[in-house]
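For reference, the structure discussed in these notes is given below.
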Amino acid sequence: MSQIRAAITGVQGYVPDYILTNAELEKMVDTTDEWITTRTGIKERRILKGEGLGTSYLGAQAVKGLLEKTNTAPQDIDLLICATTTPDFVFPGTANLICNMVGIKDIGSFDVQAACSGFLYALTVGTQFIETGKYRKIIVVGADKMSAIVDYQDRTTCVLFGDGAGAVLLEPTTNGLGVLDTIIRSDGAGQPHLHQKAGGSRYPPTHDTVDKRWHYAYQDGPAVFKFAVVNMANVSAEIMQRNHLTGDDVAWLVPHQANKRIILATANRMNIGMDKVMLNIHKYGNTTAATIPLCLWDYESQLKKGDNLVLAAFGGGFTWGAAYLKWAY
Ligand code: ACO
């Protein structure tokens with residue numbers, strides 16, 4: 001029998017209604033539409049408003065839509081994994097909450113924390129459970145409410161991030177399609193350059209940590225930029241090389257949407273034109289774990305069965321990685 005692979009058999013996204021434009025940010029901090037557009041490619045991002053709504057709300061909307069779209073009953077799901085950096089709580093996990101919100105009961109569910117590479121990590125984990133034959137239907141969610149940890153007084157980070165979620169259904173296939181290879185990497189020495197300093201066990205919340213604004217995301221943009229450009233391009237080239245792919249073989253690059261310039265550098269390294277690169281950073285900004293599934297959702301109608309897709313990401317940790325898959329429908 002041919003090898004069991006994990007195929008994405010459905011994708012669904014969710015973004016909240018509120019649109020935070022560059023024009024509105026111009027009124028909040030010392031920035032301009034021109035700076036944001038030329039340095040990042042972002043024009044607007046979505047923000048989740050509403051008392052008591054966290055990342056689980058975003059994830060649950062995407063999962064509900066996915067179940068409906070794929071005609072899947074909640075009781076048929078074997079495992080749900082949620083990649084997020086902005087969990088509703090330190091515990092319980094956001095994956096647990098999402099299951100409860102959509103009527104999925106009595107299965108394993110857990111969160112994966114790998115910042116902007118979270119979806120790639122979670123996809124890699126889910127793939128293993130399918131490949132061993134243990135499970136037949138797994139949902140992988142990437143969801144982040146970045147507005148919860150963004151400092152809207154810090155112009156260097158507040159222009160970058162938005163809220164959103166995307167979810168995919170993974171099922172086994174033996175027809176040569178699906179996830180064919182994944183690479184995940186990390187380097188904890190990146191922590192000083194990109195982190196949320198307080199709220200965890202090292203610096204539990206105190207009045208002092210709040211006063212020092214340590215509960216917000218901190219990023220040394222240029223330092224992260226250097227690492228991101230090199231590592232996202234390298235890992236994409238590596239996955240192509242070890243699967244004997246040329247630029248012509250790749251139908252789509254599905255890159256994490258942190259900065260259009262990083263995406264351009266990755267496409268150049270892979271020797272593919274921008275017409276084969278999924279881009280939605282202009283309308284959602286960086287939604288952290290949600291960027292890749294949101295791209296798949298936006299471009300779903302353009303995908304053809306058998307298309308070679310390379311997914312690539314870089315994020316806090318540092319973490320980075322790539323996946324090679326053949327689109328299955
Ligand atoms: N508006 C106007 N000016 C600004 C803004 C702003 N919003 N932000 C910064 N500037 C200024 C800076 O103060 C600086 O001014 P100076 O020259 O007088 O000191 C100047 O613009 C240039 O700033 P840089 O930070 O050097 O700008 P850069 O071109 O590096 O762009 C950016 C910043 C967009 C953040 C870029 O560094 C980047 O994309 N970094 C990588 C992001 C990334 O990949 N993150 C990983 C994923 S995120 C995650 O995992 C959660």
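We count ligands from 1, going down the list as the structure has it; atoms in each ligand are counted the same way. Numbers here are sequence positions counted from 1.
- For ligand 1, the atoms sitting less than 4.0 Å from at least one non-hydrogen atom of R261 are 28 (P), 29 (O), 31 (O), numbered in the order shown with element in parentheses.
- Remark: ligand 1 and H256 share no N or O pair separated by less than 3.5 Å (distance only, no angle test).
- Remark: among candidates S117, A258, P222, C158, the nearest residue to atom 30 (O) of ligand 1 is P222, based on non-hydrogen atoms.
- Residue-ligand proximity: V224 is placed with a non-hydrogen atom under 4.0 Å from ligand 1.
- S117 and H256 share no donor-acceptor pair across their side chains, judged by distance under 3.5 Å alone.
- Using a 4.0 Å threshold on non-hydrogen atoms, atom 9 (C) of ligand 1 counts as touching the protein.
- Between L194 and ligand 1, not a single N/O pair is under 3.5 Å apart.
- The contact set between ligand 1 and G315, taken as ligand atoms under 4.0 Å from a residue heavy atom, comprises 47 (C), 50 (O).
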Walk me through whether D298 and K283 qualify under salt bridge (charged side-chain N to carboxylate O under 4.0 Å, His left out). CA-CA 11 Å; D298 274 352; K283 51 182 186 171; 3.4 Å; yes

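- Those atoms of ligand 1 that come under 4.0 Å of a heavy atom in T156, given as number and element, are 8 (N), 9 (C).
- Ligand 1 places these atoms under 4.0 Å from at least one heavy atom of T40: 34 (C).
- Between W327 and Y329, the distance separating the two ring centers is shorter than 6.0 angstrom.
- At a cut-off of 3.5 Å, with distance as the only test, no side-chain donor of D88 or T55 sits close to an acceptor on the other residue.
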Please determine whether salt bridge (charged side-chain N to carboxylate O under 4.0 Å, His left out) holds for the pair D181 and R242, giving the CA-CA distance in whole Å, both sets of side-chain angles, and the decisive distance to 0.1 Å. CA-CA 9 Å; D181 195 10; R242 76 185 198 185; 2.7 Å; yes

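- Ligand 1 has a nitrogen or oxygen under 3.5 angstrom from a nitrogen or oxygen of R39.
- For ligand 1, the atoms closer than 4.0 angstrom to any heavy atom of A115 are 50 (O).
- T319 places no side-chain N or O within donor-acceptor distance of the main-chain N or O of S186, the cut-off being under 3.5 Å.
- Atom numbering of ligand 1 starts at 1 in the shown order; those under 4.0 Å from a heavy atom of C116 are 47 (C), 48 (S), 49 (C), 50 (O), 51 (C).
- Interface atoms of ligand 1 facing I262, defined by a heavy-atom separation under 4.0 Å, are 41 (C), 44 (O).
- Of all atoms in ligand 1, listed by their number and element, those nearer than 4.0 Å to a heavy atom of G316 are 49 (C), 50 (O).
- At least one N or O atom of W35, backbone or side chain, sits closer than 3.5 Å to an N or O atom of ligand 1.
- E171 and T9 share a side-chain donor-acceptor pair at under 3.5 Å.
- There is no protein heavy atom closer than 4.0 angstrom to atom 17 (O) of ligand 1.
- Only side-chain heavy atoms of V159 come within less than 4.0 Å of ligand 1; its backbone N, CA, C and O stay farther off.
- For atom 38 (C) of ligand 1, the candidate residues are V229, N259, T319; the nearest heavy-atom contact is made by N259.
- Geometrically, ligand 1 and N286 share no nitrogen or oxygen pair separated by less than 3.5 Å.
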For R45 and N22: C-alpha separation, side-chain torsions, deciding distance, then whether side-chain hydrogen bond (donor to acceptor under 3.5 Å, both in side chains) applies. CA-CA 9 Å; R45 60 297 282 145; N22 288 352; 2.9 Å; yes

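- Neither the backbone nor the side chain of T85 has a heavy atom within less than 4.0 Å of ligand 1.
- Looking at N259 and R39, their side chains never bring a donor and an acceptor atom within 3.5 Å of each other.
- The closest side-chain donor-acceptor pair between D248 and T246, if any, does not fall under 3.5 angstrom.
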